[in-house]
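Notes for the one structure printed next.
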Amino acid sequence: MLDIKLLRNDLTGVAEQLKKRNFVLDTAQFQVLEDKRKTLQTATQDLQNERNTRSKSIGQAKAKGEDIQPLLAEVADLGDKLKTGEQDLSALQSEIDEIVMGIPNLLQDTVPAGKSEDDNVEISTWGEKTAFDFEPKDHVDLGAQNGWMDFESASKLTGSRFVVMRDGMARMHRALIQFMLDTHTTEHGYKEVYVPYMVNEDSLYGTGQLPKFAEDLFKLEGEQNYYLIPTAEVPVTNLVRDEILNADQLPMRYTAHTPCFRSEAGSYGRDTRGLIRQHQFEKVELLHFVKPEESEEALETLKRHAEIILEKLKLPYRTVVLCAGDTGFSATKTYDLEVWLPGQQAYREISSCSNMKDFQARRMQARFRNEQGKPELLHTLNGSGLAVGRTLVAVIENYQLEDGSIRVPDVLQPYMGGCTKLA
RNA sequence: GGAGAAGUGGCCGAGUGGCCGAAGGCGCUCCCCUGCUAAGGGAGUACAUGGUUUAUCCCGUGUCGAGAGUUCGAAUCUCUCCUUCUCCGCCA
């Protein structure tokens, strides 16, 4: 969430900046609620003050053995007045909170204008689009051999947008996870964490999936109100919720492999073929917790760590910076890595790296002790390093041979017992 | 799942209705003393938030696991919930 003080002091400025996102902030409504809040809060606190002062004098009088009956009579009607005041204030406060929680983050100046993904700006490319002297197949056709990728069985077991993988494909999928984690922990300085795949509502509020994006989540039945995680970002970022870290603990870098569960409501008909858009997929996530002045550079570092995975796998890709209209709710700036898929003759998103600055930290009260010894909100960043299922798609499409067999990338061979080819 | 105990500041820990935002200790910061080391003395040190402020200061409000209640007044009493620990049971 945004800083409420910023909204109070510069409401029109904030509204102006949000236009870049096509987000319309009802400033008049906010102003009215804020004015009411100010009056009501001051009045209520005055009443509380009066109650406290009087109660104190009753205590003192009683201690001296004086008659407190007259004093009690004076306070008689205070309680009711106070109660209504407190209730009204808390109702008003929730109304304001709901509005503030629904406001997206402000964008960095370097984010290009634009409405949709068509306006994203390419900033770099790596590798040549893989050339074939035959007609390359897409991953669904390649995966159909030997039952490597079996969508029919998955739909029998569960439904659409799931997959069963077998044999070498399942092994390569697992190898990718190990390879990514090992690279990040041994070469990029990340700490590996294992976290719950179900989280409570507080965690989802902390990272911003709630209250606005509940329809994207799988909620479990039962009394606990747990949700399946849509990304490791949720449990890992919430590790610092309500914590005050020492400055020397920053920067903190975590990597985690988790499955991710997404309802994909609203994406009916999109990417229905193959592995691209599933209800359940694996992801290796990268997270940084940093001091505010370090976060913009940290985004470059994090993005680079994700790029290196693609380069080690020798997969051609490009990096784009998302335009204003395509940048996610909590982010100030996002880079997407898009890998080349010969089967689709297109670049497809395989990693998304974002700097949330203090937007999540404020919701979570995630802080560190600064040089003055005062708690200060830290900045959070996260990115995929990488989405495993889509990486598998990229590997098999780019490494396919004419007979449908698939070469194993050099860096994966040690993770597959030296296997060099899936056939 | 059954029985019991407990949750207080960065940490440990006292506190059973008013003088408690909270003793004491540890840690940390500043100062003094001490010609190394070791040790000693003094002061300060929770968070959020409202008013005011560039910021501090100041004044107020809220917060002792969470929520509700009793009361003029709750860390303290009552209820519900959550979490942790111990013992028993079950179990990958």
Side-chain angles (χ1 to χ4, degrees), chain A residues 1-11 13 30-31 33-97 99-101 194-206 220 222-227 235 238-250 252 289 292 358-378:
Chain A
M1 63 194 281
L2 295 178
D3 189 351
I4 187 80
K5 283 182 186 154
L6 183 65
L7 286 165
R8 285 177 194 152
N9 295 337
D10 187 20
L11 187 58
F30 183 83
Q31 197 60 60
L33 289 173
E34 251 304 291
D35 289 345
K36 260 162 101 179
R37 187 226 98 226
K38 196 163 169 176
T39 319
L40 193 52
Q41 182 165 3
T42 316
T44 306
Q45 291 188 351
D46 283 347
L47 276 176
Q48 287 170 328
N49 186 12
E50 190 181 341
R51 177 205 59 198
N52 291 346
T53 326
R54 285 179 186 264
S55 293
K56 198 165 263 184
S57 55
I58 290 174
Q60 284 161 353
K62 206 175 173 187
K64 287 185 207 149
E66 294 168 8
D67 180 17
I68 59 170
Q69 280 312 319
L71 291 170
L72 285 180
E74 283 176 39
V75 236
D77 62 332
L78 208 58
D80 288 341
K81 264 162 74 184
L82 193 53
K83 191 164 247 177
T84 19
E86 282 171 347
Q87 278 166 356
D88 291 351
L89 182 60
S90 124
L92 186 58
Q93 196 65 61
S94 336
E95 203 176 335
I96 293 173
D97 284 349
I99 292 174
V100 175
M101 289 287 256
Y194 170 85
V195 290
Y197 303 156
M198 303 176 196
V199 292
N200 57 32
E201 287 191 336
D202 286 346
S203 294
L204 289 158
Y205 274 98
L220 298 172
E223 292 169 15
Q224 298 93 341
N225 275 333
Y226 291 163
Y227 292 79
N238 274 280
L239 286 173
V240 292
R241 168 151 57 89
D242 295 322
E243 298 288 333
I244 301 177
L245 304 174
N246 290 323
D248 61 14
Q249 290 176 273
L250 301 177
M252 207 178 251
F289 305 131
D358 60 11
F359 192 80
Q360 293 179 326
R362 183 171 296 107
R363 295 182 172 215
M364 292 190 299
Q365 285 302 303
R367 293 164 293 169
F368 71 101
R369 226 165 259 289
N370 64 20
E371 282 172 22
Q372 289 78 45
K374 290 286 162 201
E376 183 178 338
L377 294 173
L378 48 78

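Hydrogens, waters and symmetry mates are skipped; everything else that's a heavy atom, side chains included, is used.
Between the NZ atom of A/K36 and the C1' atom of B/G50 there is a distance of 19 Å, given to the nearest Å. When rounded to the nearest whole Å, the span between CD of A/E86 and C1' of B/U49 equals 15 Å. Distance CG (A/D242) to P (B/U63): 17 Å, rounded to an integer number of Å. The distance between atom CD of A/E376 and atom C1' of B/A55, rounded to the nearest whole Å, is 14 Å. The CG atom of A/N225 sits 16 Å away from the P atom of B/C81 (whole-angstrom rounding). One atom, CD of A/E243, and another, P of B/C47, lie 15 Å apart when rounded to the nearest Å. In this structure, A/D248 places its CG atom 12 Å from C1' of B/C28, rounding to the nearest Å. Between the CG atom of A/N200 and the C1' atom of B/A66 there is a distance of 13 Å, rounded to whole Å.
Side-chain proximity of A/L72 to the nucleotides B/A48, B/U61, B/C72 is greatest for B/C72. Nearest nucleotide to the A/R51 side chain, out of B/C72, B/U70, B/G62: B/G62. For A/P375, the listed nucleotide lying nearest its side chain is B/A48; candidates were B/G50, B/U61, B/A48. Comparing B/G60, B/A48, B/G50 by their closest approach to the side chain of A/N49 singles out B/G60. When the nucleotides B/G18, B/G69, B/G50 are ranked by their closest atom to the side chain of A/Q41, B/G50 comes out on top. Considering only side-chain atoms of A/S55, the nucleotide from B/G73, B/U70, B/G62 that sits closest is B/G73.
Counting non-hydrogen atoms under 4.0 angstrom, A/K38 reaches the backbone sugars and phosphates but no base. Nucleic acid contact class of A/N246 (heavy atoms, under 4.0 Å, all strands): none. Using a 4.0 Å heavy-atom distance criterion, A/R362 is classed as making no nucleic acid contact.
A/S203 and A/N200 form a side-chain donor-acceptor contact under 3.5 Å, judged by distance and modelled atom types alone. In the model, A/Q41 has no side-chain atom that pairs as donor or acceptor with a side-chain atom of A/Q93 under 3.5 Å.
Looking at A/R54 and A/E50, a side-chain N of the basic residue comes within less than 4.0 Å of a carboxylate O on the acidic one, giving a salt bridge. Between A/R37 and A/E34, at least one side-chain N (NZ, or NE/NH1/NH2) sits under 4.0 Å from a carboxylate O, which counts as a salt bridge.
Of the P atoms belonging to B/G25 and B/U78, the separation is 32 Å, rounded to the nearest Å. For the P atoms, the distance from B/A14 to B/A68 is 29 Å, rounded to whole Å. Across B/G4 and B/G60, the matching C1' atoms stand 44 Å from one another, rounded to whole Å. Nucleotides B/U84 and B/C30, compared at atom C1', are 38 Å apart to the nearest Å. Rounded to the nearest Å, the gap between the C1' atom of B/U63 and that of B/U8 is 12 Å. Taking the C1' atoms as reference points, B/G62 lies 14 Å from B/A75, given to the whole Å. Look at the C1' atom in both B/U54 and B/G42: the space between them is 34 Å, to the nearest Å. For the C1' atom pair drawn from B/A66 and B/A6, the interatomic distance equals 16 Å after rounding to whole Å.
Remark: the A/Q45 side chain and the B/G60 base include a donor-acceptor N/O pair separated by less than 3.5 Å. One N or O donor and one acceptor, one from the side chain of A/K62 and one from the base of B/G18, sit under 3.5 Å apart.
For the pair A/R369 and B/A46, the criterion of a side-chain N or O lying under 4.0 Å from OP1 or OP2 is not met. Residue A/R8 has no polar side-chain atom (N or O) positioned under 4.0 Å from OP1 or OP2 of B/U52. Look at A/N52 and you won't find any side-chain N or O under 4.0 angstrom from OP1 or OP2 of B/G60. Not one side-chain nitrogen or oxygen of A/R367 sits closer than 4.0 Å to the OP1 or OP2 atom of B/C47.
Using the Watson-Crick or G-U wobble rule with both distances under 3.5 Å, B/G62 pairs with B/C47. Base pairing analysis places B/C91 opposite nothing; no Watson-Crick or G-U wobble pair with both distances below 3.5 Å involves it. In a base pair of the Watson-Crick type (N1 to N3 plus N6-O4 or O6-N4) or a G-U wobble (N1-O2 and O6-N3), with each distance short of 3.5 Å, B/C30 is matched with B/G42. Judged by Watson-Crick or G-U wobble contacts below 3.5 Å, the nucleotide B/G21 has no partner. Nucleotide B/A74 has no partner under the Watson-Crick or G-U criteria, as no pair reaches both atom distances under 3.5 Å. Pair assignment for B/U53 gives none, since no Watson-Crick or G-U wobble pairing has each distance under 3.5 Å. The base-pairing partner of B/A5, taking Watson-Crick or G-U wobble contacts with both distances under 3.5 Å, is B/U84.
Residue-to-nucleotide proximity on RNA chain B shows that, of A/T53 and A/Q60, the 5′-proximal contact is made by A/Q60. For A/D46 and A/K56, each mapped to the nucleotide of RNA chain B holding its nearest heavy atom, the one lying further toward the 5' end belongs to A/K56.
Considering every non-hydrogen atom in both A/L71 and A/A61, the closest pair reads CD1-CB, 3.8 Å. A pairwise comparison of heavy atoms in A/P235 and A/V199 identifies CB-CG1, 4.2 Å as the closest pair.
Contact annotation: the side chain of A/Q360 never approaches that of A/R241 to less than 4.5 Å [non-hydrogen atoms, C-beta and beyond].
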- Could you go through the salt bridge (Lys or Arg N to Asp or Glu O under 4.0 Å) check for A/E243 and A/R367 one step at a time? CA-CA 6 Å; A/E243 298 288 333; A/R367 293 164 293 169; over 6 Å; no
